[in-house]
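The chains referred to below are lettered A, B, ... by the order of the sequence lines, with proteins before strands, and numbering in each begins at 1. Remember, it's a predicted structure, so these values are computed and weren't measured experimentally.
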Amino acid sequence: MDNGHAASASTPENATSADILSQALPSILQIKGYNPQATETKWQKAWEAQGQFRTDTADKNKPKYYALSMFPYPSGRLHMGHVRNYAITDVIARFKKMNGFNVLHPIGWDSFGLPAENAAIKNNASPKKWTFDNIAFMSEQMKRMGLSYDWDREVYTCREDYYQWTQWLFLYLYDKGLAYKKEAPVNWCNECNTVLANEQVIDGRCWRDDSLVVKKRLNQWFFKITDYADRLLENLPQLTGWPDRVTLMQKNWINRSTGAEIEFSVENKPDTRIAVFTTRPDTIFGATYMVLAPEHPLVAELTTPEQKQAVDAYIKATQLKSEIERTATDKEKTGVALGTFTINPYTQKKMPIWISDYALAEYGTGALMAVPAHDERDFAFAKKFSLPIEVVVQNPNNPPNNPNVVSDDVYTDYGTLINSGEFDGLSSEEAKEKITAFAEQNGFGQARVQYRLRDWLVSRQRYWGAPIPILYCDACGAVPVPKDQLPVLLPEDVDFSVTGKSPIETSKSFQQNVNCPSCAKPARRETDTMDTFVCSSWYYLRFLDPHNTEKPFDPDIIKRWMPVDQYVGGIEHAILHLMYSRFFMMALHDGDCLGFAKEDKKGDEPFANLLTQGMVLKDGAKMSKSKGNVVAPDDIFNEFGADTARFFILSDSPPQADFDWKDSGVEGCFKFLTRVWRLFDEYFKTAAKLEDDQIALPAYDQMGGEIRSLYQLVNKTVAGVSEDIEKEFQFNTVISKIREFVNALGKVSSETQQSPVYTVALINLLKLLAPIAPHLSEDLWAGLGLYDEIGSIHLQAWPKVDVQALTADAVEVVVQINGKLRDKFQATPSTPKEELEAKAKASPKIQEYLAGKEIKKIIVVPGKLVNIVVG
RNA sequence: GCCCCGGUGGCGGAAUGGUAGACGCUGUGGACUUAAAAUCCAUUGGUAGCAAUAUCGUGCCGGUUCAAGUCCGGCCCGGGGCACCA
């Protein structure tokens, strides 16, 4: 998926991975033995030939596990962020497979979007070719990484066998009243020459190119995500497998406010009403003026002839401002009075009507009642334009009847009402209810919930996207293309050299033989295409049934496989993609498209668990071409192999944290894998080939000495590694445990090496290593003779823990005096408290410390410590 | 401004309230080698000491506890999200 900020498109050079493979290997590899390049190619071919990772979604014999990386935008070549993302998901997928799950691990291409079109404009070539070339290159790179994808399920959002169903989805939403066209102030990017969704504007700038976004009033297509605002919010606490910060970001983005909508009448205009939204109806007696957004539809009507010139000038000035200038919070307030007045329905006082850009057209009703005594923005505005300020909530820190407006310290908290007629003395909470009820009883208002979330603007004035399946007929207006006439094909006879309009408008074929489906008269096609986020927000469903030509997917398969068990990707999609996907899932569920029963909550949420991986940094900074600190994955594959790259990128940091790339770290990992290789190479010299991985071990109580402690270490390592993967995917500690294990294996005596325990240790080591370094472990597995006997290591069962061997024979017990470490001694884990205490006291060192002191208390933690408290 | 998340050696990072610094990177010394690379061994938080050892040490201040990196309160710093949302 495109993360926007890394979207600068790069064209791949003409290298293929075959060329890369044939390059001479650097000297570090010329040491005898481990040769990752040959090993990796060999096994990749073998796995592919066997179809080892193809998933039969109909197989019910095993529990299902759906592992998913956010699919990539084919920008040119993989970067380290991709490598990290795919390595994490691949280890999870392989681990789950070895643990008996039927694992689905698919991949595809989020392949519509602007970089392809920009490249096309630059080279006057086809975006399709650019995209497909990139996909060819990047899928080769993925294959070189040894990722366990089910390639049969590969989807391309830019291919008609996919976007046909994106169009179907549009029509589905249209039928449900969830897709509509309206004229509204929208975000416009001059660089991209298109509108943007609210979520794609970051700090007033375009998410893609950082240029300033301007507001334009345009007729555009929207998806009614606001219909789902409450459900999107209410479900968040149930997403326990998501990072808190992501659910929190979504909560803040939706931002639900409760309050009231209240209608104000206008002086001398008995038929005109202005509705305002307020979260503070309790302060309504302090409302002293009203502000409309400059775009408010009543502005013209409410402007007096005397004020018209000033008002028009203000509106014009507002339109010229960029979004960022307009919404800067530290900006001084501006505005113009319309010359007319509204009546406060509670005080019956006249309130002047103003326009100001601090009122937002898209929020609430586009109009607000201003209470300067209890709102900082209103206060600043009132001060500047000398408008009246009325205190109606007593600040508990001020003495009674000592209004707080003397200072600039506006009281915005709740309190007790004053100067509010019959509502005096009520708390703000009570007053909110009663004042709203009063409006309701008298027919001029009601309680209302308002969200900050806006409807999703999905039309784009660009070529390389899924055409919106709508026709325009002079007689019938906007008419949906009948579903059986999908896909509406993206035309190829377009001219990319035109400027100022979408290239799609230059196509002749696109508008040929287009007739209205209802009246059969000639019609025109909609030339806008859909936001690529539409394509990418339902792909996880298509992966389950990618070749279906009748439907987007089969509900029975969806029901069996959804939700995604583990989703892995960047935090930058916390709001955009993840919220859109949740919305689609809910909307499809409501139309019974997903096979789940209506009330089944499982039909609501697409991703049960989410892991947001950190960035890959180098020298403390994000890798970027301009900084010159980019490390190319191919270079690492060439020099050290994919296993080293995978092992390293999972090592130093937990997956959620940023990862600092260090060249010396990669080398260290390569050396480690070489050491593993040598460990086995030594073993192969003397050992016979194995027939299976069930080695006859002596009984545990017969084991002694080094063999016994080795057996304990094997089990401790298996238990620790399994736990670290199951819980939080802490691959960094997994790797340190594997390293400790290998360090210990390298130190055992040659007698112990003859023991079947040592063989079991080697077998388990390979299994623990298999998800992380799949090629090397498979190759050594084959070296043991096991590949020929029982097949690929990746199809074997994850090692089991022998629980009796988890308890160590001896432990070190710490002796503390007043919590400070003073001595240590050896004991068994089961040594009783009294004995530990006696042993501690008997220590000469401890006796020294105790000399002449009174023992007040002794705390004994069996198997751990003795703490002697002295006076 | 509001809301989150962090702060541990030279660096990345480990530590169910119970031996702070696992594992690795870097550095230093050594073995092997004609030499280098590779490999192996030792060492690597600060201070004092030849040493055993002592002492300080997880952003700062305080608290709870036999015991605090970990829990509580207050601050400082860094990062992120939202931000004129009525």
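- In this structure, A:T644 contributes its side chain and A:F640 its backbone to a donor-acceptor pair below 3.5 Å.
- Among the protein residues, A:A574 comes within range of no part of the nucleic acid, since none of its heavy atoms lies under 4.0 Å from any strand.
- Between the C1' atom of B:rC3 and the CH2 atom of A:W253 lies a distance of 15 Å, rounded to the nearest Å.
- Rounded to a whole angstrom, the distance from the P atom of B:rG10 to that of B:rG59 is 13 Å.
- Atom OH in A:Y451 sits about 17 Å away from atom C1' in B:rA86, given to the nearest Å.
- Scanning for side chain to side chain donor-acceptor pair (under 3.5 Å) contacts around A:S709 gives an empty result, with sequence neighbours left out.
- When the side-chain nitrogen and oxygen atoms of A:R678 are compared with OP1 and OP2 of B:rC40, one or more of them lie within a distance under 4.0 Å.
- No contact: A:R448 has no heavy atom under 4.0 Å from any strand.
- Salt bridge annotation for A:K841-A:E837: present, with a cationic side-chain nitrogen under 4.0 angstrom from a carboxylate oxygen.
- Residue A:V869 places its side chain closer to B:rC66 than to any other of B:rC84, B:rC66, B:rA86.
- Across the P atoms, B:rC25 and B:rC76 are found 40 Å apart, a figure rounded to whole Å.
- Under a 3.5 Å cut-off, the side chain of A:N629 and the backbone N or O of A:K618 do form a donor-acceptor pair.
- Nucleotide B:rC66 has B:rG18 as its partner under the Watson-Crick or G-U criteria, with both atom distances under 3.5 Å.
- The same atom, P, is picked in B:rG13 and in B:rU64; the two are 34 Å apart, to the nearest Å.
- For the 3.5 Å distance criterion, the side chains of A:E199 and A:W456 fail to qualify, holding no donor opposite an acceptor.
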- Reading nucleotides 14-22 of chain B from 5' to 3' and marking B where a protein heavy atom lies under 4.0 Å of the base, S where only the sugar-phosphate is that close, and - otherwise, the string is S-B-BB--B
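- Counting to the nearest Å, the C1' atom of B:rG79 and the CZ atom of A:R245 are 10 Å from each other.
- Within 4.0 Å (heavy atoms only), A:Y849 reaches sugar-phosphate atoms of the nucleic acid but no base atom.
- Smallest separation of non-hydrogen atoms from A:H374 and A:T412: O-CG2, 3.5 Å.
- One interatomic measurement links the two molecules: CG of A:L248 to C1' of B:rC2, which rounds to 12 Å at whole-angstrom precision.
- Comparing the P positions of B:rA68 and B:rG62 gives a spacing of 14 Å, expressed to the nearest Å.
- Backbone-only engagement by A:S257 is indicated by non-hydrogen atom pairs under 4.0 Å involving sugar-phosphate atoms exclusively.
- Between A:K820 and B:rC56 there is a side-chain polar atom (N or O) within less than 4.0 angstrom of OP1 or OP2.
- The partner of B:rG12 is B:rC23, by the rule that a Watson-Crick or G-U pair needs both atom distances under 3.5 Å.
- Of the residues A:N255, A:T226, A:D230, the one that meets the side-chain hydrogen bond (donor to acceptor under 3.5 Å, both in side chains) test with A:Y451 is A:D230.
- Between the side chain of A:Y346 and the backbone N or O of A:I435 there is at least one donor-acceptor pair closer than 3.5 Å.
- The glycosidic torsion of B:rG74 lies more than 90° away from 0, which places this base in the anti conformation.
- Contact annotation: A:R452 side-chain N/O to B:rA86 OP1/OP2 distance is not under 4.0 Å.
- Distance CD (A:Q656) to C1' (B:rG13): 14 Å, rounded to an integer number of Å.
- Separation of the C1' atoms belonging to B:rA51 and B:rG12 is 34 Å when rounded to the nearest angstrom.
- Atoms CZ (A:F277) and C1' (B:rA86) sit 8 Å apart, rounded to a whole Å.
- Of the listed nucleotides (B:rC56, B:rC25, B:rU39), B:rC25 has the atom at the smallest distance from the side chain of A:S664.
- Residue contacts for A:A657: at a heavy-atom cut-off of 4.0 Å it reaches no nucleic acid atom on any strand shown.
- Remark: A:R448 CZ is packed, more than 12 non-hydrogen atoms of other residues, nucleotides or ligands lying under 6.0 Å away.
- In terms of phosphate contacts, A:Y358 brings no side-chain nitrogen or oxygen within less than 4.0 Å of OP1 or OP2 of B:rA83.
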- Query: Stepwise, does the ring pair (Phe, Tyr, Trp, His ring centres under 6.0 Å) test hold for A:F379 with A:Y411?
  - Reply: CA-CA 10 Å; A:F379 182 77; A:Y411 185 67; over 10 Å; no
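- Remark: B:rA38 base-pairs with no nucleotide in the shown strands. Criterion, Watson-Crick or G-U wobble with two distances under 3.5 Å.
- Residue A:K856 places no side-chain atom within donor-acceptor reach of the base of B:rC66, judged by atom type and a 3.5 Å distance cut-off alone.
- Look at A:K737 and A:E740 and you find no salt bridge, because none of the NZ, NE, NH1 or NH2 atoms lies under 4.0 Å from a carboxylate O.
- Here B:rG45 sits opposite B:rC56 as a Watson-Crick or G-U wobble pair (both hydrogen-bonding atom distances under 3.5 Å).
- Nucleic acid contact for A:N743: sugar-phosphate only, since backbone atoms but no base atoms lie under 4.0 Å from a heavy atom of the residue.
- Rounded to whole Å, the separation between the P atoms of B:rG27 and B:rU19 comes to 32 Å.
- Base pairing of B:rC84 is not made with any nucleotide, judged by Watson-Crick or G-U wobble geometry with both donor-acceptor distances under 3.5 Å.
- Across B:rC40, B:rA86, B:rU26, the shortest atom-to-atom separation from the side chain of A:R675 is found for B:rC40.
- Rounded to the nearest Å, the gap between the C1' atom of B:rG74 and that of B:rG29 is 49 Å.
- Nucleotides B:rG9 and B:rG63 place their P atoms 25 Å apart, quoted to the nearest Å.
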- Item | A:E682 and A:K685: CA distance, side-chain angles, deciding distance, salt bridge (charged side-chain N to carboxylate O under 4.0 Å, His left out) verdict | CA-CA 5 Å; A:E682 284 301 311; A:K685 280 177 190 157; 3.1 Å; yes
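- Rounding to whole angstrom units, CG of residue A:L650 and P of B:rG13 are separated by 15 Å.
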- Item | Residues A:D357, A:T318; criterion side chain to side chain donor-acceptor pair (under 3.5 Å); working and verdict | CA-CA 7 Å; A:D357 57 11; A:T318 305; 4.8 Å; no
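- Protein atom NZ of A:K622 is 11 Å distant from nucleotide atom P of B:rG80, rounded to whole Å.
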Contact list (N/O, under 3.5 angstrom) for nucleotides 9-11 of chain B vs protein:
| from | atom 1 | to | atom 2 | distance (Å) |
| --- | --- | --- | --- | --- |
| B:rC11 | O2 | A:K662 | NZ | 3.4 |

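- Both distances falling under 3.5 Å, in either a Watson-Crick or a G-U wobble arrangement, place B:rG7 opposite B:rC76.
- Residues A:S356 and A:K845 each lie close to RNA chain B; by heavy-atom proximity, the contact nearer the 5' end of the strand is made by A:K845.
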